[in-house]
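Structure, as structure tokens:
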Amino acid sequence: MELTRDLLLILHFIGLASLLGGFLVQMKPAVKVINPAMFHGVLTQLVTGLALVGLAEARDVDVDHTKVGIKLAITLAIAIVVFVCRKRESVTIPVWGVIGALTVINIAVAVLWR
Ligand code: HEM
């Protein structure tokens with residue numbers, strides 16, 4: 001169980017790296033897109049995040065449902081933007097920016113909310 005949780009958390013960090021990395025590599029290019037790293041990254045965050053919560057519940061570990069609920073809502077918002085815009089040839093800077101901002105907000109919630 002402990003190993004499963006550790007492996008899921010590693011995947012959670014890889015998903016985070018993929019989502020944020022897909023955003024950050026587009027700082028310079030004028031044309032912004034929803035790239036595969038962002039698409040797969042947000043999916044990974046949803047799947048591994050929910051699996052981490054399920055595993056914690058199964059192990060009777062206390063889960064802060066408010067914190068997790070906020071993270072889920074933010075991740076769903078990112079996922080909707082990514083899904084809706086992923087086939088477009090380009091997205092506006094505000095659309096690209098909101099994905100990065102919401103991702104960073106989720107990192108802050110994860111780390112700062114005690
Ligand atoms: C963009 C989306 C997300 C980002 C950037 C993110 C980021 C993080 C980070 C940095 C951690 C490690 C810090 C900590 O343990 O406090 C973490 C842990 C965790 N995340 Fe997320 N997360 C995201 C989405 C989600 C979602 C959607 C859920 C569940 C619905 C979730 C559930 C969890 C849980 C349960 C842990 C704690 C794991 C443990 O310590 O056993 N995360 N997340």
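Heavy-atom basis, side chains included; hydrogens, waters and symmetry copies ignored. Each residue takes its place number in the sequence, starting with 1. Counting convention: from 1, in listed order, for ligands and their atoms alike.
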Q. Which atoms of ligand 1 have any heavy atom of Ile107 under 4.0 Å away?
A. 5 (C)
Q) For ligand 1, which atoms have a heavy atom of Leu50 less than 4.0 angstrom away? A) 29 (C), 30 (C)
Q: Using 2.8 Å as the cut-off, count the protein N, O or S atoms closer than that to atom 21 (Fe) of ligand 1.
A: 2
(Q) Once you restrict to heavy atoms under 4.0 Å, what part of Leu9 touches ligand 1? Side chain, backbone, both or neither. (A)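 Near ligand 1, Leu9 shows its side chain, while the N, CA, C and O stay back.
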(Q) Can you confirm whether more than 12 heavy atoms, excluding those of Asp62, are under 6.0 Å from its CG atom? (A)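 No - once you tally the heavy atoms of other residues, nucleotides and ligands closer than 6.0 Å, there are 12 at most.
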Q.
Please list the nearest protein heavy atom to atom 41 (O) of ligand 1 with its residue and the distance rounded to 0.1 Å.
A. Arg5 NE, 2.8 Å
Q: Please report which non-hydrogen protein atom sits nearest to atom 10 (C) of ligand 1, along with the residue it belongs to and the distance in Å to one decimal place.
A: Phe13 CE2, 3.8 Å
Q) How far apart are the closest heavy atoms of Ser18 and Ala37, and which atoms are they? A)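 Minimum heavy-atom separation between Ser18 and Ala37: OG-O, 2.6 Å.
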Q. Relative to each other, are the rings of Phe39 and Phe83 parallel, tilted or perpendicular (30° and 60° limits)?
A.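 Answer is tilted, since the angle falls between 30° and 60°.
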Q: Would you check if the side chain of Trp96 reaches a backbone N or O of Val33 as a donor-acceptor pair within less than 3.5 Å?
A: no
Q) Is there a protein heavy atom at a distance of less than 4.0 Å from atom 15 (O) of ligand 1? A)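 Given the 4.0 Å cut-off, atom 15 (O) of ligand 1 does not count as touching protein heavy atoms.
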Q: Evaluate the 4.0 Å heavy atom contact test for atom 37 (C) of ligand 1: does a protein atom fall under the cut-off?
A: no
